[in-house]
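Worksheet for the structure shown next.
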Amino acid sequence: MAKGLPFTIRVVTALLLLRESSQAGAGRNDDAGVDSRGQTEGLPTLTVTTILEDPYVMVRGAELEGYCMDLLGALAGMLRFQYRVKVVGDGQYGAVSAGGNWTGMIGEILRKEADIAVAPLTVTSAREEVVSFTTPFLQTGIGILLRKDTVSQEMSFFHFLSPFSKETWTGLLFAYLLTCCCLFLVARLSPCEWNEPKNEENHFTFLNSLWFGAGALALQGVTPRPQALSVRVVAVVWWLFTLALLAAYIANFTALLSSGSEQLPIQTFEDLVKQRNLEFGTLEGSSTFYFFKNSKNPIHQMIYEYMEKRREHVLVKTYQEAVQRVMDSNYAFIGESISQDLAAARHCNLIRAPEVIGARGFGIATTQASPWTKPLSIAVLKLRELGDLDYLRNKWWESSCLRQSRDRWSPLEPPALGGLFLALGVGLALGVLAALAELSNSSRLTAGHAKKSCCSVFIEEICTRLRIKEKARPSQETSGKANA
């Protein structure tokens, strides 16, 4: 009974929230820019300012929707308040203007035009001095958004070797030579490959064994054709090994070409400063701009000086304008990494550079004397503990691209193919054992007819089959002369 009570309360709260929700149109003027909720007696009404930015707040028909709208609805259900949402009039987040006044959502809170701001509003020290922030509901940082074809480099001459690591290529070469040696050895030991070792030539010479192994790597049938069971065991194991290896190579090479992970010359902000092909900038008056302005890092100062000198050309007004400019021109956008991840998920030709700096969070802004700051912070923490914030993140950041992540691709290392090499080794061992068994059986029959020791015949057969023919002929001629 006690365990079901919290669940019942949550269900009742959700039903009340759905009954009270009645969204109106969203625009930029005072009438159409307000999203009002149904009036309920006894519940306080908060005026909420926000900004249109995908996927936080978006206009869908006559309604507002997005991550922040879902978050606001969840908070209203937990804290029992109703609200009316208005889009910020000047379309700004909040910065100090030339006259010393705050713009954007921060300015509206200071002027008592709104009670709280629920938006992707970064918590900074400057903003914290004039307003209060709740516990961050999203963690983010500063990253670089790029278009893939503007940062791709020419592939190296030996780029085709990239799917496997150096250790894997070394292991493959060793496996190839070992297999060819086993083919050569097993073919000489097996009685089925030649009947008279003293008088005829074995088809599996060492060069022919190398040719046979190379043909299997290229999926081509080559001669000589194995006749003995032991040789066929070695050949089949090598064929299966090469088939699996080629499949792994093709799959990894395709992933490499699709991800473009090794064609990113801009990995860090230092790389961005050093290059001369791309312009770069950020949102005008954003916390990212002031981060570089106030930073003492030399690289960050160089980025700020570049943006300040060319602010008319590189600073953008909105996030949508920044994404569109990255897609249409040689431009790199510096901004919130979490928003860039969304852009890369929605636009498959965009990519975010690996480096992320300036860890920060998005919080809900209130007036400094607001009684709602602490309850909202506690509610945000509860939503995080319940997993609701993770659910909203997955809901609104879902990717529409079938893509290989750039930071997940890596060359195949030997451990990834360890089972394949182990199977090859076991197969080669079985082939050698089968050849020895065939030779042992043949030696036993020969020893029975000649009435000799089986071991002596076996050793004699091995010595005869492994003897180099050019050296065997002079010895045979010498023994013939001695008998004469």
Side-chain angles (χ1 to χ4, degrees), residues 122 124 140-162 165-166 255-319 321-345 347-360 403-411:
T122 306
T124 64
T140 183
I142 299 176
I144 308 170
L145 184 65
L146 308 156
R147 195 173 76 247
K148 289 182 179 179
D149 57 357
T150 60
V151 297
S152 60
Q153 289 178 323
E154 292 186 2
M155 295 184 181
S156 64
F157 191 70
F158 295 100
H159 190 67
F160 66 94
L161 298 177
S162 300
S165 64
K166 295 179 181 179
L256 169 63
L257 295 178
S258 301
S259 65
S261 60
E262 290 201 342
Q263 290 82 52
L264 269 182
I266 300 178
Q267 300 279 339
T268 64
F269 284 88
E270 184 176 359
D271 297 334
L272 183 64
V273 172
K274 290 180 179 179
Q275 59 83 37
R276 292 294 180 267
N277 297 325
L278 298 178
E279 292 183 320
F280 54 88
T282 186
L283 290 173
E284 184 177 5
S286 65
S287 61
T288 301
F289 179 81
Y290 288 100
F291 170 85
F292 288 100
K293 180 180 180 180
N294 300 325
S295 175
K296 303 301 181 183
N297 188 302
I299 300 298
H300 299 170
Q301 279 297 306
M302 292 173 65
I303 294 176
Y304 167 72
E305 291 172 1
Y306 173 88
M307 293 190 296
E308 181 64 27
K309 290 178 181 178
R310 301 170 57 87
R311 62 182 305 138
E312 298 297 329
H313 303 284
V314 300
L315 297 184
V316 293
K317 302 293 184 181
T318 64
Y319 175 77
E321 178 188 350
V323 173
Q324 192 64 40
R325 186 167 177 180
V326 172
M327 292 192 295
D328 295 341
S329 62
N330 292 335
Y331 180 78
F333 173 61
I334 302 174
E336 303 292 347
S337 60
I338 194 170
S339 299
Q340 293 175 349
D341 289 338
L342 174 71
H347 307 281
C348 301
N349 62 330
L350 300 182
I351 191 171
R352 180 175 62 79
E355 185 181 34
V356 176
I357 61 174
R360 70 233 344 245
R403 43 189 287 145
Q404 292 83 13
S405 179
R406 59 187 178 278
D407 52 356
R408 287 199 299 264
W409 183 90
S410 61

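All residue numbers in this chain count up from 1 along the given sequence. Small disclaimer: the values here were computed from a predicted structure and weren't measured.
- Listed here is the closest heavy atom pair of Leu350 and Val326: CD2-CG1, 3.7 Å.
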Go through the steps for Ile303 and Phe269 under the test side-chain contact (heavy atoms from CB on, under 4.5 Å), then give the verdict.
-> CA-CA 8 Å; Ile303 294 176; Phe269 284 88; 3.6 Å; yes
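- Aromatic ring centroids of Phe289 and Tyr304 lie under 6.0 Å apart.
- Side chain of Gln340 to backbone of Phe333: a donor-acceptor contact under 3.5 angstrom is found.
- Distance alone, capped at 3.5 Å, places no donor-acceptor pair between the Arg147 side chain and the Asn349 backbone.
- Between Tyr306 and Phe280, the ring planes are parallel. Angles under 30° get that label, and only those over 60° would be called perpendicular.
- Of all heavy-atom pairs spanning Val323 and Ala343, the tightest one is CG2-CB, 4.2 Å.
- Here the shortest heavy-atom pairing between Ile338 and Thr140 reads N-OG1, 3.2 Å.
- For the pair Glu336 and Ser287, the minimum side-chain heavy-atom distance is below 4.5 Å.
- We find that Glu308 and Lys293 are not joined by a salt bridge, their nearest charged nitrogen and carboxylate oxygen being 4.0 Å or further apart.
- A donor-acceptor pair is defined here as one N or O able to donate and one able to accept, closer than 3.5 Å; no such pair exists between the side chain of Arg352 and the backbone of Asp341.
- Proximity of a side-chain donor or acceptor of Ser337 to a complementary backbone N or O of Gly143 within less than 3.5 Å is not detected.
- Not a single donor-acceptor pair under 3.5 Å links the side chain of Glu279 to the backbone N or O of Asn330.
- Atom CD1 of Ile142 and atom CZ of Phe291 lie 4.5 Å apart (nearest 0.5 Å).
- Taking every heavy atom of both residues into account, Pro354 and Gln267 meet most closely at CG-OE1, 2.8 Å.
- Using a 30° and 60° split on the angle between ring planes, Phe292 and His300 fall in the perpendicular class, above 60°.
- The shortest side-chain heavy-atom distance between Arg360 and Thr288 falls under the 4.5 Å cut-off.
- Across every non-hydrogen atom of Gln275 and Ile266, the tightest pair is CG-CD1, 4.0 Å.
- When all heavy atoms are compared, the tightest approach of Arg325 to Val314 is NH1-CA, 3.9 Å.
- Atom CG of Leu283 is separated from atom OH of Tyr319 by 9.5 Å, given to the nearest 0.5 angstrom.
- Formation of a donor-acceptor pair under 3.5 Å by the Glu270 side chain with backbone atoms of Ile299 is not found in this model.
- Residues Ile144 and Asp271 fail the side-chain proximity criterion, which asks for heavy atoms closer than 4.5 Å.
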Verdict with reasoning, Lys317 to Glu284, per side-chain contact (heavy atoms from CB on, under 4.5 Å) | CA-CA 6 Å; Lys317 302 293 184 181; Glu284 184 177 5; 2.7 Å; yes
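- Listed for the Thr282 side chain is a donor-acceptor partner under 3.5 Å among the backbone atoms of Ile334.
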